[in-house]
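One-based numbering along the sequence shown. Order of listing sets the numbers, starting from 1, for every ligand and every atom in it.
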Amino acid sequence: MIIYKFGGTSVGLPERMHTVADLITADNEPKIVVLSAVSGTTNSLVEIGELLLAKKQKEAKDKVGNLKKHYDQFIDNLYSTEEGKSKGTELIHSFFNDIDALTSIPDFNEGNNKTLLAFGEIMSTNLFHQYLLEADIDNALLPALDFMSIDEDAEPRIDSISTELKKILDSQDKKQIYITQGFICRNHEGKTDNLQRGGSDYTASLVGAAIAAKEVQIWTDIDGMHNNDPRVVDSTFPISELSFDEAAELAYFGAKILHPSSILPAQKFGIPVRLKSTLNPEAAGTVIHNTTGSADIKAIAAKDGITAIKIKSTRMLLAHGFLRRLFEVFEKYKTSIDMITTSEVAVSVTIDNASHLQEIVDELSNFGFVEVDNNQSIVCIVGSMLTNKQGALKKIFDSLGDLPIRMVSYGGSKNNVSILIDSKFKTDALVKLNTIFA
Ligand code: ADP
Ligand code: ASP
Ligand code: MG
């Protein structure tokens, strides 16, 4: 089996869904096709949810009305037969009845919001399934909520996902093509939840791992992983091959093409991940697999929204057990640390989840003087065995010129050099670093 995942843009127009149908019927390889929501839908649902949580029901209902109009138009162009159009309309109207019911809940809460967000993927997969049936392409819809689950810590329950998915596949007639929803899952209470924004990539990798697929293919709007962020830097280029470690670091440190955790399940089971463009299927794309690659700088990514925390303590830093006590504070608030640097009198760490910042700072103040810098970005420079490569650091710092750098992390892994800068210098840093590839 091969897992195909198509992102929001790849299913964002009726004609794109037609292209997806062509792509998945081009050979006889059995496949599970994971779909995102039609582009723009999850953003709209997020906005609607926020309005409902803020008790702005009227505005929320207006937005739902606009979204429904979009789908009515979509259906008209997706299906070619009267029967297809009427089945599609029936489907969408029933989903919008459910969405309307959610918008009428007086005490709309976070749980209702998660149910609301799930409609994006539920609608895209149902419309596409129906389109394949209209085109006489045999396929079955596998509801992700029947097998995709996360635990109390929002970590995927790989064993259960595997058992449940296999059970479902074994219980029905074999099909060449299965369709399922990305992003959505059930939480430990059995309620509808999700794998965070961009989570359909994660679904694809988890499904691949669950059934030991031959390959996971992520189809998106760009021809593979580029050497730098194409939204910020001109003249980036696709990288033909990456190791799992390199790709995982790039995804984690901000390469939006992949959900931050999406490489890990595939890596654990040694399943190659291929990145391909739906808009340009002929392009080779990127293959991510077990390879050591060459010792060179391969790519750069940046992650925003980072907070740096410095703890200065002349008294305690050299005492044994100090770092343990410091880390315990972060653990208590389930806040993970991305970067760390130490000196004899101070420790600096970065976090990307500042939801418990105040409590963390309060507790850290017991150890010494605490300083917080908001609006930081981690720029991550990735390449196999980068730390073995003579001159790599010189190249990096020469290219950055006199840009002020807040922290540097080197030697933690062989594949990565990370630097922390104020976010206002991010674009400049990415553009300057791109000269390394010239
Ligand atoms: P999808 O909706 O298919 O999941 P995303 O928008 O999540 O697509 O991811 C694709 C986008 O990621 C590209 O259009 C590109 O702008 C952005 N991107 C950021 N960094 C990179 C990178 N290093 N290589 C390729 N694309 C990147
Ligand atoms: N639809 C979800 C989002 O927009 C998941 C995804 O597209 O991967 O975040
Ligand atoms: Mg995405």
Which residue owns the protein heavy atom closest to atom 6 (C) of ligand 2, what's the atom, and how far is it?
Ser200 OG, 3.3 Å

Nearest-contact summary for atom 7 (O) of ligand 2 - protein heavy atom, Å:
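The protein heavy atom lying closest is Ser36 OG, 3.1 Å.
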
For ligand 2, is there an atom lying under 4.0 Å from some heavy atom of Gly199?
yes

So is Gly182 touching ligand 2 or not, going by heavy atoms under 4.0 Å?
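Heavy atoms of Gly182 never come under 4.0 Å of ligand 2.
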
Salt-bridge criterion met for [X] and [Y] (N-O under 4.0 Å):
X      : Y      : result
Lys167 : Glu164 : yes
Glu134 : Lys87  : no
Asp107 : Lys55  : yes
Lys166 : Asp170 : no
Lys63  : Glu59  : no

Could you note down all residue pairs passing salt bridge (charged side-chain N to carboxylate O under 4.0 Å, His left out) where residues 176-195 supplies at least one of them, sequence neighbours left out?
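Residue pairs passing salt bridge (charged side-chain N to carboxylate O under 4.0 Å, His left out), neighbours aside: Lys114-Asp193, Glu189-Lys191.
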
With distance as the sole criterion, is a donor-acceptor pair present between the side chains of Ser377 and Asp304 under 3.5 Å?
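Present: a donor and an acceptor within the cut-off.
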
Hey, which of Leu142, Val207, Thr180 is the one that makes side chain to side chain contact (heavy atoms under 4.5 Å, CB included) with Met148?
Val207

Output yes when the distance from some N or O of ligand 2 to some N or O of Gly198 is under 3.5 Å, and no in every other case.
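Such a contact does occur with ligand 2.
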
Should one rank Arg197, His259, Lys5, Glu121 by closest heavy-atom distance to atom 5 (C) of ligand 2, which comes out on top?
Glu121

Select all protein residues for which some heavy-atom-to-ligand 1 distance is less than 4.0 Å, and list them by chain and number.
Lys5, Gly7, Gly8, Thr220, Asp221, Ile222, Gly224, Met225, His226, Asn228, Asp229, Pro230, Arg231, Ala255, Lys256, Ile257

Pair Phe330 and His356, ring centroids less than 6.0 Å apart:
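No, the ring centres sit 6.0 Å or more apart.
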
